4 protein chains.
Amino acid sequence: MTEPDTPTRILAAADELFGEIGYDGVSVRDIAERAGVNKALVFYHFGSKDELFARILDRYYTEHQRALERAFEADLPVRERLHRVMDAYIDYISENRHYPRLVQRLVAGSGAHMAPIKDNLGALFQSTVEALEDIAPTAGPYSARHFFVTFSGAVINYFTYAPVLAPVWGGDPLSDEGIDERRAHLHWLVDAMLGGMRPPG
Amino acid sequence: MTEPDTPTRILAAADELFGEIGYDGVSVRDIAERAGVNKALVFYHFGSKDELFARILDRYYTEHQRALERAFEADLPVRERLHRVMDAYIDYISENRHYPRLVQRLVAGSGAHMAPIKDNLGALFQSTVEALEDIAPTAGPYSARHFFVTFSGAVINYFTYAPVLAPVWGGDPLSDEGIDERRAHLHWLVDAMLGGMRPPG
Amino acid sequence: MTEPDTPTRILAAADELFGEIGYDGVSVRDIAERAGVNKALVFYHFGSKDELFARILDRYYTEHQRALERAFEADLPVRERLHRVMDAYIDYISENRHYPRLVQRLVAGSGAHMAPIKDNLGALFQSTVEALEDIAPTAGPYSARHFFVTFSGAVINYFTYAPVLAPVWGGDPLSDEGIDERRAHLHWLVDAMLGGMRPPG
Amino acid sequence: MTEPDTPTRILAAADELFGEIGYDGVSVRDIAERAGVNKALVFYHFGSKDELFARILDRYYTEHQRALERAFEADLPVRERLHRVMDAYIDYISENRHYPRLVQRLVAGSGAHMAPIKDNLGALFQSTVEALEDIAPTAGPYSARHFFVTFSGAVINYFTYAPVLAPVWGGDPLSDEGIDERRAHLHWLVDAMLGGMRPPG
DNA sequence: GATGAATGAGTATTCATTCAT
DNA sequence: TATGAATGAATACTCATTCAT
């Protein structure tokens with residue numbers, strides 16, 4: 001119940017603002033004001049706006065990767081493993097609503113913070129491809145890599161497009177019921193993809 | 001072969017820079033320099049940075065919508081129509097590489113230029129839902145609205161994630177061959193979705 | 001009934017804007033727009049913003065001086081001559097409402113357009129002092145020069161302060177009735193001053 | 001003897017420049033340079049050029065009003081009270097030479113900073129009218145309101161016209177002797193006005 | 001740790017003015 | 001005469017960052 005300490009408050013404020021508006025549109029002043037701390041403290045605790053941003057990204061990447069790794073590691077048949085990974089993906093994103101926006105904006109943006117995102121997405125890409133290596137070819141339209149893109153796009157875009165589609169969606173797409181419905185759709189998608197895969201060779 | 005005139009050069013430069021970096025990260029100075037014109041001319045011809053940005057968005061929206069409408073209008077069975085729309089979508093985006101990045105960044109961003117994007121996506125959403133109204137329910141995990149999100153995410157994210165995935169992809173995902181391979185995958189996805197749909201009632 | 005020609009329209013527009021807002025607050029673009037002519041024509045016809053302003057001032061000074069000279073010249077006793085000058089002053093200003101504002105702003109302003117105003121006011125000053133030379137001393141509290149300042153301030157400030165005092169004035173100070181009332185006050189003031197003057201020596 | 005702090009130096013520089021040249025003709029750069037401080041500090045300490053200007057005006061209005069109120073409050077016969085007010089007016093303006101120029105320019109200018117000037121002048125107007133209510137009618141050429149305009153114009157215009165009239169004046173109108181002479185003239189004016197007033201009814 | 005002040009480079013935008021047609 | 005385009009300097013204001021206290 002005690003007040004969070006200064007670095008925590010700065011991180012929280014920066015997370016919100018970067019998540020909502022993006023790196024370029026947010027000033028250190030904005031962050032300090034939202035955190036209720038002196039502007040100079042942002043630099044005292046995090047060195048620079050850039051490092052602060054990197055810290056936030058880092059935390060997301062690490063947590064996200066860990067969550068997916070746990071799901072991947074389970075000693076289960078491929079199909080069950082993929083469903084578990086899908087659930088873990090949905091869970092993580094629905095609990096970290098700013099994360100998909102950050103990623104989407106970075107991916108579509110310039111090269112500034114590309115390096116960590118390449119590492120992160122690359123690792124996830126490789127885990128998925130490896131998990132599918134027995135049942136999917138490595139190239140061609142039914143290869144694991146294409147399923148990866150369709151797969152991750154289907155999850156992440158639901159969350160990023162929700163605010164824009166809300167007026168025509170019919171109901172709140174980000175309510176618990178909305179997300180459950182999407183979850184069911186995504187599990188169907190996993191099965192549809194598995195059905196569409198043709199073993200290599 | 002003659003030099004393009006000033007407004008054209010400004011539009012081209014602005015398209016590139018907004019497409020690569022985003023509204024907030026680009027200055028009017030950058031645009032003028034890339035266009036090789038005096039900074040004040042940007043304001044003389046377009047009034048403000050904001051109007052210049054709106055002009056670029058407008059053009060994309062109009063062209064995109066028109067391209068999809070042409071595909072939707074064809075007097076063909078649903079399945080063939082959807083495949084045509086998918087081709088039109090892929091064609092338009094692969095010929096306008098900055099467009100998906102702009103849209104993705106706007107969707108994931110703050111509310112500044114949200115209005116036109118809501119209109120544009122909303123219209124596309126409704127066309128798709130109507131096209132599917134005989135073969136898909138209006139709600140639930142297999143409803144047209146979910147297919148729309150999965151569908152459009154699978155197209156657009158391929159293009160926006162390509163630069164980031166390139167190092168691990170194996171081959172250039174945005175080469176002609178890469179896009180053809182994706183096209184085949186997406187056509188499979190259309191059929192998979194059609195197979196997964198259950199008629200309403 | 002024919003449309004006035006371009007230089008005339010520019011002068012009219014400039015007169016309004018300089019009169020209402022002042023030199024620094026008005027741009028050549030504003031003037032051209034109000035005149036309904038191309039901006040470059042302002043420079044074609046008048047050379048520069050500064051020369052345009054000088055032209056307007058010149059016209060006012062010349063007309064004003066001429067109006068007062070005519071009144072001064074009359075072969076009448078001092079008292080009648082002063083009343084005639086007062087009427088001419090009031091008439092000129094009430095027919096050229098922008099003029100007192102221009103003068104007031106120039107007098108209170110920087111040294112940019114001071115030269116012509118010095119000439120103009122200086123001439124008026126000397127005419128008045130000469131007209132009074134038989135009945136007023138040249139120095140001291142009852143000298144002509146002090147009456148000149150009180151006199152001209154009482155005329156000009158009525159017009160410049162009117163818009164500001166209007167809400168508390170009770171009636172429109174710049175209506176015909178308002179001005180007539182002021183005229184009566186000013187004629188009383190002339191007589192009071194004449195009564196207060198002591199012949200030199 | 002210690003150096004004044006930054007806000008004080010900015011206020012002093014702004015007072016001089018606004019007083020000499022006017023709001024539109026002065027840039028924040030000019031102010032910062034004259035104050036010998038970094039340009040951004042003007043915004044750090046005062047928010048905007050406009051707020052800085054308002055601060056300066058506010059101070060003048062408050063001080064001026066207070067000075068006149070003190071003079072008005074004295075428990076003296078009307079005539080003595082008016083002479084005291086006249087002295088307070090002259091004293092305040094001769095000690096704050098930029099003030100009459102600011103007021104004159106504002107009054108003759110556009111509507112930007114009109115609100116506070118209306119309040120200020122309106123209050124002064126009403127005090128004067130009330131002070132005279134027993135000896136002057138409320139309307140007509142000998143009403144208090146006309147005496148107010150003549151009265152205040154005779155004070156303020158002496159100071160604003162002085163620089164322009166100096167070359168023909170004979171002696172420096174703003175020297176101590178010059179001001180004393182004017183003071184004598186103004187006290188005569190008060191008496192002349194009192195003599196010219198006719199009790200209401 | 002925390003603060004208020006300071007800085008120099010940068011932001012979008014407007015300016016008076018010029019010029020080719 | 002008239003016009004649309006062009007220019008370079010200036011405008012108010014914000015930025016990330018530093019520093020003395």
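A, B, ... follow the sequence lines: proteins, then strands. Residue 1 opens every chain. The model shown is predicted, which means the values in this text are computed figures rather than measured ones.
Not counting sequence neighbours, the partners of A:Asn38 by the side chain to side chain contact (heavy atoms under 4.5 Å, CB included) test are A:Ala40, A:Leu41. Here B:Arg66 pairs with B:Thr62, B:Arg70 under the side chain to side chain contact (heavy atoms under 4.5 Å, CB included) rule; sequence neighbours left out. With sequence neighbours excluded, the residues forming a side chain to side chain donor-acceptor pair (under 3.5 Å) with B:Gln65 are B:Asn120, listed by chain and number. The side chain to side chain contact (heavy atoms under 4.5 Å, CB included) search around A:Glu51 returns A:Ser48, not counting sequence neighbours. Applying the side chain to side chain contact (heavy atoms under 4.5 Å, CB included) criterion to B:Ala108, with sequence neighbours excluded, gives A:Arg101, A:Gln104, A:Arg105.
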Annotated structure of DNA chain E as dot-bracket, pair cut-off 3.5 Å, Watson-Crick or G-U only, | for inter-strand, is .||||||||||||||||||||
One pair to check against side chain to side chain contact (heavy atoms under 4.5 Å, CB included): B:Leu11 and B:Phe46. What are the steps and the verdict? CA-CA 9 Å; B:Leu11 276 173; B:Phe46 296 95; 3.6 Å; yes
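Closest to the A:Thr6 side chain, of the nucleotides E:dA2, E:dT11, E:dA16, is E:dA2.
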Determine all donor-acceptor pairs shorter than 3.5 Å in which one atom belongs to a side chain in residues 19-29 of chain B; sequence neighbours excluded.
| from | atom 1 | to | atom 2 | distance (Å) |
| --- | --- | --- | --- | --- |
| B:Tyr23 | OH | B:Asp50 | N | 3.4 |
| B:Tyr23 | OH | B:Asp50 | OD1 | 2.9 |
| B:Ser27 | OG | B:Arg29 | N | 3.4 |
| B:Ser27 | OG | B:Asp30 | N | 3.1 |
| B:Ser27 | OG | B:Asp30 | OD1 | 3.4 |
| B:Ser27 | OG | B:Asp30 | OD2 | 3.2 |

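A nucleotide of DNA chain F counts as in contact with chain C when one of its atoms lies under 4.0 Å from a heavy atom; the first and last such, 5' to 3', are F:dT1 to F:dA6.
In terms of position along DNA chain E, the nucleotide closest to D:Ala40 lies nearer the 5' end than the nucleotide closest to the other residue of the pair C:Asp30 and D:Ala40. Both C:Pro7 and D:Phe43 lie near DNA chain F, and the one whose nearest nucleotide falls closer to the 5' end is C:Pro7.
Distance CG/A:Leu52 to CG/A:Leu57: 10.0 Å, rounded to 0.5 Å. Here D:Leu121 contributes atom CG and C:Tyr161 contributes atom OH; the two are 6.0 Å apart, rounded to the nearest 0.5 Å. Expressed to the nearest 0.5 Å, how far CG of A:Leu17 lies from CD1 of A:Ile31 amounts to 6.0 Å.
DNA chain F is contacted by C:Tyr44, C:His45 of residues 44-60 of chain C, taking any non-hydrogen atom closer than 4.0 Å. Contacts with DNA chain E (heavy atom under 4.0 Å) in residues 13-28 of chain C: C:Val26, C:Ser27, C:Val28, listed by number. In the region residues 31-39 of chain A, proximity to DNA chain F at under 4.0 angstrom, judged on heavy atoms, holds for A:Lys39.
A distance below 6.0 Å separates the ring centres of C:His113 and C:Phe53. In this structure, D:Tyr99 has its ring center under 6.0 Å from that of D:His64.
Using a distance-only test at 3.5 Å, with no hydrogens or angles considered, a donor-acceptor pair links the side chain of C:Thr160 to the main chain of C:Ile156.
What you find for C:Lys118 and D:Pro163 is that their closest heavy atoms are CE-O, 3.8 Å.
A salt bridge (Lys or Arg N to Asp or Glu O under 4.0 Å) check over residues 4-19 of chain D, counting only residues at least two apart or in different chains, returns the pairs D:Glu3-D:Arg9, D:Glu16-D:Arg34.
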